[in-house]
Protein chains: 2
Amino acid sequence: MDDKDLEILRLVQRDARLTADTISQEIGLSSPAVQKRLKRLRESGVIERDIAVLSPSRLGREMTIIVDVILERESRRHLDEFKRKMRSARCVQQCYYTTGEADFTLILTVRDIKEYEEFTQEHFFDESNISRFRTSVVMDRVKVSLDVL
Amino acid sequence: MDDKDLEILRLVQRDARLTADTISQEIGLSSPAVQKRLKRLRESGVIERDIAVLSPSRLGREMTIIVDVILERESRRHLDEFKRKMRSARCVQQCYYTTGEADFTLILTVRDIKEYEEFTQEHFFDESNISRFRTSVVMDRVKVSLDVL
DNA sequence: GGTGAAAGAAGCCCTGA
DNA sequence: TCAGGGCTTCTTTCACC
């Protein structure tokens, strides 16, 4: 992993459709050299995967909501159960298990507040292990990126 | 935008390297038909872009931190100024302007707690307009996805 | 890491429904 | 108007230097 690798990563984390040829001109290597590096970076897991970023608003998921959740009992079984549910819930984009005041922070995208209300019914109220949760509605998605470098 | 489009989107939002041929077999269309649809979806902005997802831990950004920030004065000028700073701060992956208790929720990736401490020095303490901030350290990135569908 | 040839995928036009 | 077939062009891959 050298400077050339880092340059490649900086480029593809913003645009994965760049051809090896374009990248090679950008950083001063030959096209096959870039491809060999990309292959290595993928196989070694530095590049985890390539994804298409969809527009939530163009697909009718206008609202982004952030929720802090506090569990009642923080046993291994309850934690794993909650994590499993969040992973399989479609409107949960992100779920973090954290130190501090809340146990979990969730980031959801929903069509409207009604869909969020249904989510809370299913996952918070019908779930005896939720102590409290705090909802924040996102007014501006100021920055949403997965850029690491 | 029909069911076939949605099927295509569901596939490429998880793996943008799928070939049109693979997708076509999956959903029962010809390869050129899939390509036409993908092109249309990109041009119309339903697919915003394609990115490579990098592994934060493999690149030495082991820690994920969630910060809630409350500003002192919530004037237009102060809000825009804060947003601008967060957009350009490298370790800020996501920044949301929200209703509720906090004004902003940030998601950061940093090398270590020292790097976070430097971030707070630069952006919170040397910035007279920050009223309070609350830090949560992520213990488990339970789910991190940008899947919309 | 670079070069060149071969395999493969994408883009385009045209036809047919 | 939109899906499918076939051709062309570009990209990737692999063997070799």
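Note on naming: letters A, B, ... go to the chains in the order of the sequence lines (proteins, then strands), and numbering restarts at 1 for each one.
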message: So, taking the atom named NE2 in H78(B) and the one named CD in E74(B), what distance separates them when rounded to the nearest 0.5 Å?
response: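 That separation rounds to 11.5 Å.
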CZ-CZ distance between R42(A) and R17(B), expressed to the nearest 0.5 angstrom: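 Interatomic distance, R42(A) CZ to R17(B) CZ, rounded to 0.5 Å: 3.5 Å.
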Axis deviation across the helix from dG1(C)-dC17(D) to dA17(C)-dT1(D), five-pair ends, to the nearest 10°: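 About 30° separates the two local helix axes.
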query: Are the aromatic rings of F119(B) and F125(B) close, with centres under 6.0 Å apart?
result: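 No, they do not, as the ring centres are separated by 6.0 Å or more.
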query: Are F104(A) and Y96(A) close enough that their ring centres sit under 6.0 Å apart?
result: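 Ring centroids of F104(A) and Y96(A) are no less than 6.0 Å from each other.
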message: D5(B) vs R40(B), test: salt bridge (charged side-chain N to carboxylate O under 4.0 Å, His left out). Steps then yes/no.
response: CA-CA 10 Å; D5(B) 281 333; R40(B) 185 164 39 75; 3.5 Å; yes
message: Using a heavy-atom cut-off of 4.0 Å across all strands, would you classify R37(A) as base, sugar-phosphate, or nothing?
response: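 The answer is sugar-phosphate, as R37(A) gets under 4.0 Å only of primed atoms, P, OP1 or OP2.
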task: Mind calculating the distance between CD1 (I8(B)) and C1' (dC2(D)) to the nearest angstrom?
output: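 Spelled out: CD1 on I8(B) to C1' on dC2(D) is 13 Å.
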- prompt: Roughly how many Å is it from CD in Q25(A) to P in dG2(C), rounded to a whole number?
  reply: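 Interatomic distance, CD of Q25(A) to P of dG2(C): 13 Å.
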query: Any donor and acceptor pair, going by atom type alone, linking the side chain of K143(B) with main-chain N or O of R87(A) inside 3.5 Å?
result: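 A pair under 3.5 Å: yes.
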task: Assign a letter to each nucleotide of nucleotides 3-17 of chain C from its 5' end: B, base within under 4.0 Å of a protein heavy atom; S, sugar-phosphate only; -, no contact.
output: BB-----BBB-----
message: Quick check: closest heavy atoms across P56(A) and V148(B), and the distance to 0.1 Å?
response: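 Shortest heavy-atom contact: CA-CG1, 4.0 Å.
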query: Do NZ/NE/NH1/NH2 and the carboxylate oxygens of K114(B) and E118(B) come within less than 4.0 Å?
result: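 A salt bridge is present here (some side-chain N lies under 4.0 Å from a carboxylate O).
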